[in-house]
There are 4 protein chains.
Amino acid sequence: MPRWRRRSDARPEEILDAALAEFTEKGFETARMEDIAKRAGLSKAGVYLYFESKEALLKALIEAKMTPIAEQASALAAAGAANPKAALSAFARVVVSRAADPKIIAVPRLVLSLSGQFPEIADHYRRHVVEIARAALEALIAAGVARGDFRAVDPKVAARAFIGPFFFEAMWTHILRGETAFNHPDALVEAQIDLLLKGLEAEPRA
Amino acid sequence: MPRWRRRSDARPEEILDAALAEFTEKGFETARMEDIAKRAGLSKAGVYLYFESKEALLKALIEAKMTPIAEQASALAAAGAANPKAALSAFARVVVSRAADPKIIAVPRLVLSLSGQFPEIADHYRRHVVEIARAALEALIAAGVARGDFRAVDPKVAARAFIGPFFFEAMWTHILRGETAFNHPDALVEAQIDLLLKGLEAEPRA
Amino acid sequence: MPRWRRRSDARPEEILDAALAEFTEKGFETARMEDIAKRAGLSKAGVYLYFESKEALLKALIEAKMTPIAEQASALAAAGAANPKAALSAFARVVVSRAADPKIIAVPRLVLSLSGQFPEIADHYRRHVVEIARAALEALIAAGVARGDFRAVDPKVAARAFIGPFFFEAMWTHILRGETAFNHPDALVEAQIDLLLKGLEAEPRA
Amino acid sequence: MPRWRRRSDARPEEILDAALAEFTEKGFETARMEDIAKRAGLSKAGVYLYFESKEALLKALIEAKMTPIAEQASALAAAGAANPKAALSAFARVVVSRAADPKIIAVPRLVLSLSGQFPEIADHYRRHVVEIARAALEALIAAGVARGDFRAVDPKVAARAFIGPFFFEAMWTHILRGETAFNHPDALVEAQIDLLLKGLEAEPRA
DNA sequence: TATGAATGAGTCTTCATTCAT
DNA sequence: AATGAATGAAGACTCATTCAT
């Protein structure tokens, strides 16, 4: 007998959080609706008042947690027309700090895990999150090239070169549970940025 | 009663292949032993003559397919002491060509998918595959730095910068099913290498 | 919040009608209290203000819709002492017209459907409806025999012979959804009556 | 641990019998697969080796038990061209004796019960059983009329008049659990036949 | 070596029913 | 009188695993 019942407004959010935790720990199939329910503080049947099925819960989860990275990204890209180098640094810092939060990294992890079984989820995520972010990044780089701040690199290549390392680091630490090579999270950003900007840097005019 | 007796020594291999295919398509939990068996051309019970359980099958699979990337990698690293730049290019080319083969990419994919449920698998894979490769790469870079071919970069950082983009591309195309930006597989390698080497490049001595 | 208050005295009737419809369409077990409630225009919990349980609702339903066939029947039988042949015709006509109304046929249908699970319902219905009607019919026939209008048939046999065909027709059209062989409902009555009376008819006195 | 396993040939039949019994006693929805399984002497999961689902089991059941009444009926009808009166009597006797067997009456009962939920079952049964039998009966009567044994009645009407009473009796005794009015099963047939033939009888030629 | 038959254990999902408001 | 929220209990169905042959 829960002391407080009747809080239908907060419930969906609580359930989604519980589901994300269980799905991440045990995988979609292995996670039991009952455990999700318990974790969210209601009964198994209660979950079905808010979500049609386990699969619907999964999809709602992805949807809900598809963070407004898109907005942030394009905001950054726009703001970055003025100073591409600084904007790239800022962008990297945001990515790294978000990737460090297990709650946030959990969603892309789940998407990757389930891409075989639910290709439509992978597609959805790619289109609505990754592609947006990638486009923003490419625009940022293209602006830098246009302004003469960067060498005449192909923005597509440079964007991959830029985002890849952070992506790898996230996998390495969170999924493969490898130890990070950096004592301070910012250290990675600094070092990486330094290296990358070097690669992008326009030749000093003679 | 099959008219020609099955060469039972080929069986385990056939089963592993079938399992890999099913696990990749449907995920470990969702894949059914019966389908694996059918795919391998024997009966459900037959699989148990070769593997103790579904989980044992999974682990044997990871183990068996943990390609000799380790050996290759260290061979390359060793050989590369002579010419770090060329060795880096060769390394990248190997990585990209392997990553393009769905059969090969399937294993790391599976490992990533299951890292939540079976952390020991992730650990095993990290230790016996990824760490080896990473170490080889770092050694290669360190050699380049020692020889004065590269700037005095931190090999850890540079290794991440080097491998990350290829890793990202593999995820992007195989898991997220995004379209590649490159018409020819080598095009990515060329462009990426060019960019990266630029970042690594030692300052021209004045 | 309904703008005009529901007349609560009409409620039970509305619920019973809704229940009858749902039970008939889907069967007792398959019908959901929620659907019955929705159909009756109130909430699931609301139904429980009027009926203790689903089973109670069923029983109340049978009870309420156990049409006053009994009274009608005995009235007819009494009136028929004067003219058994005419009374038989009238009786048949009533039976056929009632059987043509899906709302009315629904109840006996339900009783038949549930006779396995709820024998007490079948018993109740038999005793309070069918047996009454049958007795009335037998009395009518006995009267005809006594008056010399009919041959000396066993009323029990004749009553079955009389009612059976109409019963069969109802099953055929409503339950088995067969097409009726008669373009006009009265046609069946006329033809059947003609045939039956022929069988009952007293020999013309030589 | 059953003493005799492995008797895949008899199994389906055993399961169908068990299912028929449970469905009849408790109704389709209320019957539990586990009880059916237990009754058939195997485990719940075992039933699914032979039937896809509960509904498939039901349909297979109807199909399997749709006794060769059709064949019998038409055989009788054919044979009866020679002596319609005798054939009608024989027909009635078969119907009554079959209707007296609870195992046999159970199937049409089930069909009637489920006609609301599964109209396709009712249709199937009507087309493949009832319509066949009815047609045979009509042919028999038509033959009698043609030969001059019977009055010039409409075979459709007469067939209903003929079969209806037996149908009613079956309902009455088996479903409504009413007491039969006849101490000997043949008594009903005799009396009914006598009455019906009287109705059909051709006028003695003056 | 190989398998058809069988099952125990487990999970999703449904629904009649309750109760605080 | 009325209901939205919640749940306990139940049942269909699945599947890894076993075993007699």
Side-chain angles (χ1 to χ4, degrees), chain A residues 1-9 11 29-37 41-57, chain B residues 1-2 5-9 11 29-37 41-57, chain C residues 1-2 5-9 11 29-37 41-57, chain D residues 1-2 4-9 11 29-38 41-57:
Chain A
M1 51 197 146
R3 273 162 306 173
W4 308 111
R5 311 163 108 235
R6 209 88 7 159
R7 52 216 161 98
S8 155
D9 330 330
R11 273 293 156 81
E29 284 295 329
T30 309
R32 293 164 59 239
M33 286 299 264
E34 185 152 19
D35 290 338
I36 293 172
L42 38 51
S43 75
K44 195 178 6 173
V47 176
Y48 287 87
L49 293 177
Y50 299 92
F51 300 96
E52 287 253 307
S53 67
K54 197 182 181 186
E55 195 173 324
L57 177 54
Chain B
M1 48 190 150
R5 250 174 121 35
R6 248 30 194 75
R7 35 312 75 109
S8 69
D9 35 328
R11 274 290 158 82
E29 283 295 329
T30 309
R32 295 164 62 239
M33 287 298 263
E34 184 152 20
D35 291 339
I36 293 171
L42 40 49
S43 77
K44 192 166 32 159
V47 175
Y48 286 86
L49 296 174
Y50 298 92
F51 301 95
E52 283 257 308
S53 69
K54 197 183 182 184
E55 196 174 324
L57 176 54
Chain C
M1 47 191 153
R5 250 175 120 36
R6 246 30 192 72
R7 43 299 84 108
S8 70
D9 34 328
R11 273 290 159 82
E29 284 294 331
T30 308
R32 295 164 61 239
M33 288 297 263
E34 183 152 22
D35 291 338
I36 293 172
L42 40 49
S43 77
K44 193 166 31 159
V47 175
Y48 287 86
L49 295 175
Y50 298 93
F51 301 95
E52 285 257 307
S53 68
K54 196 181 183 186
E55 195 173 325
L57 176 55
Chain D
M1 51 195 144
W4 308 113
R5 310 163 108 236
R6 209 90 4 157
R7 52 216 161 100
S8 153
D9 330 332
R11 275 291 156 83
E29 283 296 329
T30 308
R32 294 165 58 237
M33 287 298 264
E34 185 153 19
D35 290 339
I36 293 172
K38 204 167 296 171
L42 39 49
S43 75
K44 192 178 10 170
V47 176
Y48 288 88
L49 293 178
Y50 299 92
F51 301 96
E52 286 253 308
S53 67
K54 197 181 182 185
E55 195 173 323
L57 176 54

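The analysis underlying the following values was restricted to heavy atoms, covering all of them including side chains, and did not include hydrogens, waters or symmetry mates. In what follows, chains are A, B, ... by sequence order, proteins preceding strands, each numbered from 1. What you are looking at is a predicted structure, and each value in this text was computed from that prediction instead of being measured.
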Distance-only, no hydrogens or angles: does the B:Lys54 side chain make a donor-acceptor pair with backbone N or O of B:Ala31 under 3.5 Å? yes
Show me the dot-bracket string of DNA chain E, counting Watson-Crick or G-U pairs under 3.5 Å, with | for pairs to another strand and [ ] for crossing ones. .||||||||||||||||||||
Each nucleotide of nucleotides 8-14 of chain F classed B (base within 4.0 Å of a protein heavy atom), S (only sugar-phosphate) or -, in 5' to 3' order, makes B-BSSBB
Given atom OH of A:Tyr50 and atom C1' of F:dA5, what is their separation to the nearest angstrom? 6 Å
A:Ile36 has an atom CD1; how far is it from atom P of E:dT11, in whole Å? 12 Å
Here the gap from A:Tyr50 atom OH to A:Leu42 atom CG, rounded to the nearest 0.5 Å, amounts to 7.0 Å
For B:Thr30, which residues count as a side chain to side chain contact (heavy atoms under 4.5 Å, CB included) partner, sequence neighbours excluded? A:Glu29, A:Gln117, B:Lys26
If I take atom CG in residue D:Leu49 and atom P in nucleotide E:dT3, what distance separates them, rounded to the nearest angstrom? 17 Å
Minimum side-chain heavy-atom gap C:Arg11-C:Leu49 below 4.5 Å: no
With nearest nucleotides of DNA chain E determined for D:Val47 and B:Val47 from heavy-atom distances, which residue corresponds to the more 5′ nucleotide? B:Val47
Could you give the distance from CD (A:Glu34) to NZ (A:Lys44), rounded to the nearest 0.5 Å? 4.5 Å
How long is the line joining CG of D:Leu42 and C1' of E:dG4, in whole Å? 14 Å
